[in-house]
Every structure is written in C-alpha cells, then in structure tokens.
Protein chains: 2
Amino acid sequence: MQGFKTGELKAEPGSEILAEGASSTQLYTALSGMGVRYKTVEDGRRQVVGFVLPGDFVGLQSGIMGEMQHSVEATTTMTLCAFNRSNIWSLFKSQPSRAFDLTHLAAREEQLLGEALVTIGQMSGVARVSWALYRFYQRLSALELKKNGRVPLPYRQQDLADAVGLSLVHTNKTLTRLREAGVATWQDDALVVHKENELAQLAGMDPGEISVRPLI
Amino acid sequence: MQGFKTGELKAEPGSEILAEGASSTQLYTALSGMGVRYKTVEDGRRQVVGFVLPGDFVGLQSGIMGEMQHSVEATTTMTLCAFNRSNIWSLFKSQPSRAFDLTHLAAREEQLLGEALVTIGQMSGVARVSWALYRFYQRLSALELKKNGRVPLPYRQQDLADAVGLSLVHTNKTLTRLREAGVATWQDDALVVHKENELAQLAGMDPGEISVRPLI
DNA sequence: CGGTACATTGAGGCAAGTCAAGTTGAGTGG
DNA sequence: CCACTCAACTTGACTTGCCTCAATGTACCG
C-alpha cells in the first residue's frame, strides 16, 4: 500500500481540497487536521454531508465514479497522504482484498449518510444537534483525541447547523440549552460531554454503538 | 455473471425482503416490481432511504459489511434474482472489473443519499416533494416504463412522506397544490408530469440530468 | 482603534406538525 | 345485494418548532 503514495498535501484552513463536479486525479487519506464535506445549492445554502477526521479517506467518489459529488474543505490545517487515481484500478487487479476494503469504505460512507438522513428527516432540533455532538464524541474518542474528557472540535456553529439542517440561530439556541442542561458543552473548539447517556438518549441512539473500519 | 445466480425470489406486497440488522447470505437484483428501503426509529417513525426499482441491487451492504443498515420491503409483487453472498468475494478475486462495477454501485448509492440529504436538509416542502416526483419520473422513464406520459408509481403517500421527511398531511396538501398548479399529478398509482421544466425548477434541479449506471 | 469573523439574544412570523373529521373504494360476509 | 370493515386519501382548524430579521457582544488582527 505504501507504494501507492505519491506525495503529501498540506491544506490551509479554508482551502478547498476537492471541488464538487471536479475529477481530480488525486485521492487522499487525512493524516491530521479536520475538514468538511459539503454540497452547495444555487441559492447559496449548503448542506454539510460529513466531517473529515484523521484517518478518513477523501475523494473515493472521484476515484470510482470519475467525479466528486461534494466539495471538501479544510477547516484546520490538514496534512493528507496523496495517491494516484489510476492506482485504484491496479489495486482491483492485483490486490482483491484491498479492493474489498475500499468497497467496504464506500459502504460505510453510505451507512453514515443513511443515519444522517434518518436524523435530519425524522428528529427534532435537539435530537439532531445531540446526534451530531454524540457522533463527534464517539469518533474523536476512538481516535484517542480525548483528553480530560474534552475532545477537540474546531468547527464553527454554522458548520454544525448546515450539517443538521437547522438555522444558525436555532442551532445556537439549542447548544445553549444543552449546555444549561448540563448535558454537553461545546466552546473554544472543544467539546465536553458531561452526561453521555443523556446525550445519547436525546440523540435517539444507544450509548457505545461504535464500529470498526478498515484503514487504507 | 449468470453463473452466480442461485435462484429467484418472489415477494408479495408488504413482505420484508431484508431486515435491518440482519446478515442475509442472499443478495438480490430486482427484476420486476417495486419496493422501499427504510430505517425505523424507536418511536415508530420511519425514514424511507430509497425506492427499489427494477434493475436495482438489493443487499449490497450486507454483502460487503455483513449486516443490513436498512430494511427492504416489497410494495408490489416483486421478482428478484438471488445471488450467494460468498460469491462476492470470489468476484473480487477473479473478476476485478466486475468488482469495480460493484464498488461503483456502492458509490452511486452514496451519491443518491447525498442528494437526498441536501434536499431534506435544505429545501422547502414543495421542493422536497417535487424533487422526489421528478426523480421518480426520470428513473422510471429511463426504464422505459413511460406510456402516454404516465409512469407507474404504486407507492402510498405515506411512503413519499417518510422519504422526504414531511408529515403525511402536509405531503398530501403539497401534492394537491402541485396538481392544481398543473405541474404534476399522482393518482391511481400513476404519475403524470405536465410541466417537466417547472417541476425540475421547483425541485431545484436541472432538467435532464441523468446518469448511467452499470448493471449487475 | 476600525475591521472582520463568529457567537449570542430577542422579537415576530410562517411553514409544517398535530388533531380530528370525513370521503372514497376495495374487500368480505351475512 | 347491502351492511360492514379497513386502508388510503382529503380537508379544515389549531398549534408550534423553527426561521428570519436585527441587534449586540466578543474576540482577534492589521
């Protein structure tokens, strides 16, 4: 797998790594830093379809389908490991088990989106925000990024709002309520979950439902 | 590919083909009839994450990840072509190009979900309903199921409501408005689009953005 | 010190939800 | 052939969660 690496990319905060509709020849694995995946609509609104954390694959869609369906932007400074798109095909020919892992990744992305769809389509505002926070908490904890009960969360409230389909104002008020209820606090780029079970319940999830994922 | 076929399944209306959380050893390709993919939440609500039309693959997730993330139910009588799950792995080993197609399918599913997420997360009620109707119109037209401008659409309004994240009542009123505006009519299990461009515009889409997909 | 970017708070309005009756049509059984 | 049931579709009245508008607060930075 190492042989496929063609370089490293360093992305500054706010810079676009991949653009919707573009067919990049490069694919990446995030090594450090965080980013957002999003789609924009004509009227300027945007929907965040996912958050890129260390270890995540970026650009699989363009690798498989030839074109990105969403943009990816760096939120913090990111370093990414770059591969060449043409290597994907040779991967399928020479390393079927790696190819299978890749498909597994695509299926997992689909799973994540499905869960988001349920949350956004059926749940109330509090539940949506709780869900997002809890998901962050789980993923970042699994990445060993938890220190003293705090996980780094360098996003803006607008990013969260665009992810859960609520207005910025309403998202803000919901976060305030969660904080005042002593459930979870997100301030200064860090998230603290005070009552994990309560948060999970608000989110309509079972605590501790984490799942493995193959690394590429 | 034919060699992998292990049988045919006939599903009656209302019957469950695959259950969320189950790890079926069977995968299917829909030959005829229509169905829904959905996830349920504890309180009884459900989110329709997709509609199964002829030609669609069913059970890819359980084939790749070992467990379905959503249920699949037949809406009309369906016939499905069954494969054995273990064949997927041999496919990756012996037919890399077929394996690639499979991954392509997974990526396309992801694309569809992403589009749904944008629609449900950012668009108004009319836009969501219009989007769903237009998507149906496109997909069913591509399947050559259009006759005299009518495409078959044997779902219930509740299915549509659960798909776009609106209440049944509101979905009904929106459909009525679309009908009275002379844009599209969905009655008696058939959809007629009177003003395609207007529908597309309401849906926030460009008319005629269709895409190819490999058949398995 | 202005300027910019993000977070916060209050007020008022509307889209969409809920509740509650009907209506229609397709079985089904007496 | 008519009463009855049941599932889906309609429609109206009322309620509310969320949105928009509009300030204000608070850092950080050149």
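Please read these numbers as outputs of a predicted model, since none were measured by experiment. Per chain, numbering begins at 1; letters A, B, ... match sequence-line order.
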Distances under 3.5 Å between protein N/O atoms and the N/O atoms of nucleotides 23-29 of chain D, please, pair by pair.
none

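The separation between A:Asp43 atom CG and D:dT20 atom C1' is 14 Å, rounded to whole Å. As a whole-Å value, the separation of B:Glu180 CD from D:dT10 P is 11 Å. We find that CD of B:Gln157 is positioned 16 Å from P of C:dT24, with the value rounded to whole Å. The distance between atom CG of A:Leu160 and atom P of C:dC6, rounded to the nearest whole Å, is 15 Å. Atom-to-atom, CD1 of B:Ile120 to P of C:dA16 comes out at 13 Å; the value is rounded to the nearest Å. D:dC9 atom P lies 12 Å from atom CG of B:Asp162, rounded to whole Å. Rounded to whole Å, atom C1' of D:dG17 lies 10 Å from atom CZ of A:Arg128.
Dense packing is recorded around CG of B:Asp43, with more than 12 heavy atoms of other residues, nucleotides or ligands lying under 6.0 Å away. Around CD of B:Glu144, the count of heavy atoms belonging to other residues, nucleotides or ligands within 6.0 Å does not exceed 12.
Counting only N and O atoms by type, the side chains of A:Gln69 and A:Gln61 include no donor and acceptor under 3.5 Å apart. In this structure, a donor-acceptor pair under 3.5 Å is absent between the side chains of A:Gln201 and A:Asn197.
Residue A:Ser62 holds its OG atom at 12.5 Å from CD of A:Glu20, rounded to the nearest 0.5 Å.
Remark: of the listed residues B:Leu202, B:Leu160, B:Thr119, B:Leu160 is the sole one forming a side-chain contact (heavy atoms from CB on, under 4.5 Å) with B:Val129.
Distance alone, capped at 3.5 Å, places no donor-acceptor pair between the A:Thr29 side chain and the A:Cys81 backbone.
Side-chain N/O atoms of B:Gln158 include none lying less than 4.0 angstrom from OP1 or OP2 on D:dC9. The phosphate of D:dC9 has neither OP1 nor OP2 within less than 4.0 Å of any side-chain N or O from B:Arg179.
A heavy atom lying under 4.0 Å from DNA chain D marks the following residues of residues 163-178 of chain A, by number: A:Gly165, A:Leu166, A:Ser167, A:Val169, A:His170. Residues from residues 184-192 of chain B lying near DNA chain C, meaning a heavy-atom separation below 4.0 Å, are absent.
With sequence neighbours excluded, no residue forms a ring-ring contact (aromatic ring centres under 6.0 Å, His included) with A:Tyr137. The ring-ring contact (aromatic ring centres under 6.0 Å, His included) test applied to A:Phe51 returns A:Phe136, A:Tyr155, not counting sequence neighbours.
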For residues 175-189 of chain A, which side-chain N or O atoms pair as donor and acceptor with protein atoms under 3.5 Å away, sequence neighbours left out?
residue, atom, partner, partner atom, Å
A:Thr176, OG1, A:Asn172, O, 2.9
A:Thr185, OG1, A:His194, NE2, 2.9
A:Trp186, NE1, A:Leu153, O, 3.0

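Checked for salt-bridge contact, A:Arg46 and A:Asp159 meet the test: a charged N lies under 4.0 Å from a carboxylate O.
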